[in-house]
J.: 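The structure under discussion is supplied below as structure tokens; questions concerning it will follow.
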Amino acid sequence: MRHALVFVILPVFIGLAAFQGGAVATRAYMEEASLQASSALRLAVSALGGHLSRYEPLPALIADHDDIKALLRAPSNPALRNTANAYLKEINTLLRSSDIYVMTMDGETISASNYDGPASFVGQNFSYRPYFQDAAKGRQSRFYALGTTSLKRGYYFASPVSVDGAIRGVIVFKVDIDSIEASWKGGEYKIFVADPEGIIFMTGSPEWLYSGIYPLDAARLARTQASRRYAEAPLKQLPLRESGEGGHRLMTITGGGASREYLVLSHYMPEADWTVNVLMDTASVRGQVRTVVIAVVLFVCLAGLALAILLQRRARTAERLRLEERARNELEHRVAERTADLARVNEQIELEIAERRLTEQELRKTQADLIQAGKLAGLGQMSAALSHEFNQPLAAAKTYADSAALLIDRGRAGEARDNLLRISGLVDRMASISRHLRNFARKPNEKLGPVALDTVIDDTLEIVAARLKTADATLDVDLGKNPPAVVAGPVRLQQVLVNIITNAADAVEGQADRNIQLKARRKGAKVLLTVRDHGPGVPPAIAERIFDPFFTTKGVGKGLGLGLSISYNIVKDFGGSLSVANHADGGAVFRIELDAAEKMKEAAE
């Protein structure tokens with residue numbers, strides 16, 4: 001009896017649940033879809049408004065140009081027309097607009113940006129356009145239409161041209177809207193823009209273009225034809241049917257043998273006098289509603305099934321107790337097996353812990369060994385750097401000393417005294433180098449100041465002169481008319497130049513062209529020094545490693561590979577950069593970029 005009652009009441013509950021659930025779900029999903037479409041509508045309106053607002057003030061600005069006013073004073077002057085045409089074409093190209101043209105008060109176009117194109121506006125009369133009529137009365141005008149000459153859609157901005165206190169003409173600025181329309185194609189939403197007559201003139205669905213969403217009666221067509229807004233484009237009626245549901249506007253459009261229902265949201269743009277519409281296909285909403293109805297029906301069915309099961313529970317109690325007993329026994333057996341497995345795992349974990357402790361001890365010992373090795377390596381690098389930086393001044397000092405001895409033997413004491421003074425300068429430089437050995441640790445507190453390049457290069461030439469002579473190389477120095485000053489340290493900058501010029505001398509030694517060029521030029525707040533040789537250049541395989549410590553391509557005993565590494569770090573400490581590249585005509589070019597001295601003065605102020 002009870003079973004029969006359940007099967008009689010259950011269908012009634014299923015029908016009521018399906019009806020109420022469908023209504024509630026439809027309202028909820030429609031509201032959610034409306035919020036999504038509203039966001040898309042705001043974005044579309046914002047994009048259109050922003051695109052047009054960028055160009056709105058431009059016609060009035062162009063109308064104030066002297067070339068435009070001069071042309072309107074003498075419209076038939078060929079020279080003034082050519083000047084205005086060139087100016088409009090230049091502005092049109094710069095602003096990426098569609099067209100710009102100037103008309104006299106009778107509507108005749110006398111100058112245009114497309115004057116030299118196949119669809120030139122020059123000579124055309126657009127007095128029938130509303131934008132011309134409004135601008136001729138002294139008002140800023142806006143209008144959207146299909147061009148009768150170019151057959152391209154666009155938005156027109158028109159402004160009166162005032163000459164000597166009177167309106168002598170109208171300038172028109174046409175903006176292309178195809179780029180915005182292209183972004184609407186293939187999206188989740190259908191977007192179109194309609195004019196006050198309900199005719200679609202912008203849409204991401206090309207088949208809807210020039211279709212009317214309102215009935216195309218005689219009055220509507222007459223108003224459209226009067227302004228020739230769409231030229232000769234055929235207008236058609238969009239097959240649609242409007243309805244409403246839960247306060248939402250719905251539109252069913254027929255096309256291609258099928259009908260689709262859309263949720264419609266609209267926004268009127270008063271400044272443009274058009275309406276932006278966003279259509280969202282309701283197929284997904286209807287599908288979600290069907291899913292909810294099915295879920296409700298299934299839930300009711302499950303509830304009825306649960307009720308039937310409860311009525312049969314007495315009959316199944318004994319069976320359930322037997323099953324529970326069997327399950328309990330099986331669970332106890334599994335617990336025992338799992339306990340044994342956990343014991344074995346614990347033993348393995350203890351073994352792994354012991355092994356890891358031994359590994360940690362080995363790692364600590366290895367780390368200590370690595371620290372000691374790093375200290376030894378740093379000591380070796382510093383010793384090698386000291387040997388490398390003292391070698392060149394010592395070689396130059398020896399050359400001057402030998403030369404001084406010969407001069408004394410020949411009774412030329414004055415020249416010998418000059419050599420001794422140069423030797424004294426080299427000794428001072430080596431003392432400065434020893435004081436600057438902390439450069440390897442990149443002294444952060446060293447004070448930099450203005451350094452005159454001509455003075456530093458003169459001192460550098462004294463040191464590298466002997467090496468240049470040995471290589472039979474020549475050095476051309478070009479510092480410009482006014483040698484610049486840079487932010488650096490004089491001794492360390494001299495170190496950099498000595499290293500780079502010495503490397504250039506090594507590169508050109510034995511070459512047909514043994515000329516080396518050193519140039520310095522001011523570039524804004526920077527000074528660029530370049531040292532170019534005519535050697536074999538830098539192979540690509542070593543270009544990335546050339547500034548690494550102890551990297552050298554010279555033979556054994558001819559270099560430690562520290563000169564360029566030291567130079568790179570010195571220039572970096574100056575706040576500059578050092579790089580190398582191959583010249584197009586052969587040889588290598590080292591580029592040193594430093595701050596100009598004026599930059600530091602401004603910072604100090």
J.: Please identify which of these residues, D506, T399, T502, meets the side chain to side chain donor-acceptor pair (under 3.5 Å) condition with R467.
T.: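 It is D506, the one option of D506, T399, T502 that forms the side chain to side chain donor-acceptor pair (under 3.5 Å) with R467.
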J.: Can you tell me if Q140 and S159 form a side-chain donor-acceptor pair at under 3.5 Å?
T.: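 Per modelled atom types, Q140 and S159 side chains form a pair under 3.5 Å.
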J.: Indicate yes or no: at least one non-hydrogen side-chain atom of I592 is less than 4.5 angstrom from one of I500.
T.: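 Counting from C-beta outward, I592 and I500 do come under 4.5 Å.
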J.: I'd like to know if K398 pairs up with D402 as an ion pair, taking the criterion as any Lys NZ or Arg NE/NH1/NH2 lying under 4.0 Å from an Asp or Glu carboxylate oxygen.
T.: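 A salt bridge links K398 with D402.
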J.: Would you call D476 and K519 a salt bridge, taking side-chain N to carboxylate O under 4.0 Å as the test?
T.: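 A salt bridge is absent here (no side-chain N lies under 4.0 Å from a carboxylate O).
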J.: Does V122 reach the side chain of N114, with side-chain heavy atoms less than 4.5 Å apart?
T.: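 Contact flag for V122/N114 side chains = no.
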J.: I'd like to know if the side chain of T93 and the backbone of K89 have a donor-acceptor N/O pair within less than 3.5 Å.
T.: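 Yes; at least one donor-acceptor contact below 3.5 Å.
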J.: For A520 and L453, work out which heavy atoms get closest and say how close.
T.: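 So the two residues come closest at CB-CD1, 3.8 Å.
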J.: Roughly how far, to the nearest 0.5 Å, is CG of L529 from CD1 of I457?
T.: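 It is 6.0 Å, given to the nearest 0.5 Å.
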J.: Give a yes or no answer on whether the side chain of T359 reaches the backbone of E355 with a donor-acceptor pair at less than 3.5 Å.
T.: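 Yes; at least one donor-acceptor contact below 3.5 Å.
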J.: For L407 versus A416, what's the shortest heavy-atom pair and its separation?
T.: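 Minimum heavy-atom contact is CD1-N, 3.6 Å.
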J.: Side chain to side chain contact (heavy atoms under 4.5 Å, CB included) between L493 and T460: does it pass, once the steps are laid out?
T.: CA-CA 9 Å; L493 180 57; T460 301; over 6 Å; no
J.: Is a side-chain donor or acceptor of R532 paired with a backbone partner of G586 at a separation under 3.5 angstrom?
T.: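 At least one qualifying donor-acceptor pair exists.
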J.: Compare every heavy atom of F173 with every heavy atom of P59, then report the nearest pair and how far apart it is.
T.: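 Closest approach of P59 to F173, heavy atoms only: CG-CB, 3.6 Å.
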J.: Return the minimal non-hydrogen interatomic distance between E509 and T470, and the atom names on each side.
T.: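 Nearest pair, atom of E509 first, then T470: OE2-O, 4.2 Å.
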J.: Please give me the minimum heavy-atom distance between N419 and S403, naming the atom from each residue.
T.: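 Smallest interatomic distance, heavy atoms only, reads ND2-OG, 3.0 Å.
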J.: So, applying side chain to side chain donor-acceptor pair (under 3.5 Å) with R514, which one of D533, T474, D472 is it?
T.: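 Answer to the side chain to side chain donor-acceptor pair (under 3.5 Å) test with R514 among D533, T474, D472: D472.
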J.: Distance alone, cut at 3.5 Å: any donor-acceptor contact between the side chains of R42 and S39?
T.: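 S39 and R42 do have a side-chain donor-acceptor pair below 3.5 Å.
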J.: Relative to the ring of Y87, is the ring of H65 parallel (under 30°), tilted (30 to 60°) or perpendicular (over 60°)?
T.: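 Correct class here is parallel.
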J.: With a 3.5 Å distance limit and no angle check, can you tell me whether N85 reaches the backbone of S111 through a side-chain donor-acceptor pair?
T.: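 Checking the backbone N and O of S111 against the side chain of N85, no donor-acceptor pair under 3.5 Å is found.
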J.: Answer yes when R521 and D478 have at least one side-chain N-carboxylate O distance shorter than 4.0 Å, and no when they do not.
T.: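 A salt bridge is present here (some side-chain N lies under 4.0 Å from a carboxylate O).
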J.: With the side chain counted from C-beta on, respond yes when L448 and D595 share a heavy-atom pair under 4.5 Å apart, and no when they do not.
T.: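 When only atoms from C-beta onward are counted, D595 and L448 do not touch, as no gap falls below 4.5 Å.
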J.: Check this for me: does any side-chain nitrogen of one of R142 and E56 sit under 4.0 Å from a carboxylate oxygen of the other?
T.: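 Looking at R142 and E56, the cut-off is met.
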J.: Can you list the steps and then say if D99 with V172 is a side chain to side chain contact (heavy atoms under 4.5 Å, CB included)?
T.: CA-CA 8 Å; D99 298 294; V172 182; over 6 Å; no
J.: Do V508 and N515 touch side chain to side chain, with heavy atoms closer than 4.5 Å?
T.: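 Contact flag for V508/N515 side chains = no.
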J.: Side-chain contact test, heavy atoms from C-beta onward, threshold under 4.5 Å: evaluate it for K572 versus L578 and give yes or no.
T.: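 When only atoms from C-beta onward are counted, L578 and K572 do not touch, as no gap falls below 4.5 Å.
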J.: As a quick check of understanding, evaluate side chain to side chain contact (heavy atoms under 4.5 Å, CB included) for L71 and T83, giving each step before the final call.
T.: CA-CA 9 Å; L71 175 61; T83 301; over 6 Å; no
J.: Can you give me the closest heavy-atom contact between A596 and V487, atom names plus distance?
T.: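 What the structure gives for the nearest pair is O-CG2, 3.4 Å.
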J.: Can you tell if the side chain of L58 reaches within under 4.5 Å of the side chain of F157, non-hydrogen atoms only?
T.: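 Counting from C-beta outward, L58 and F157 never come under 4.5 Å.
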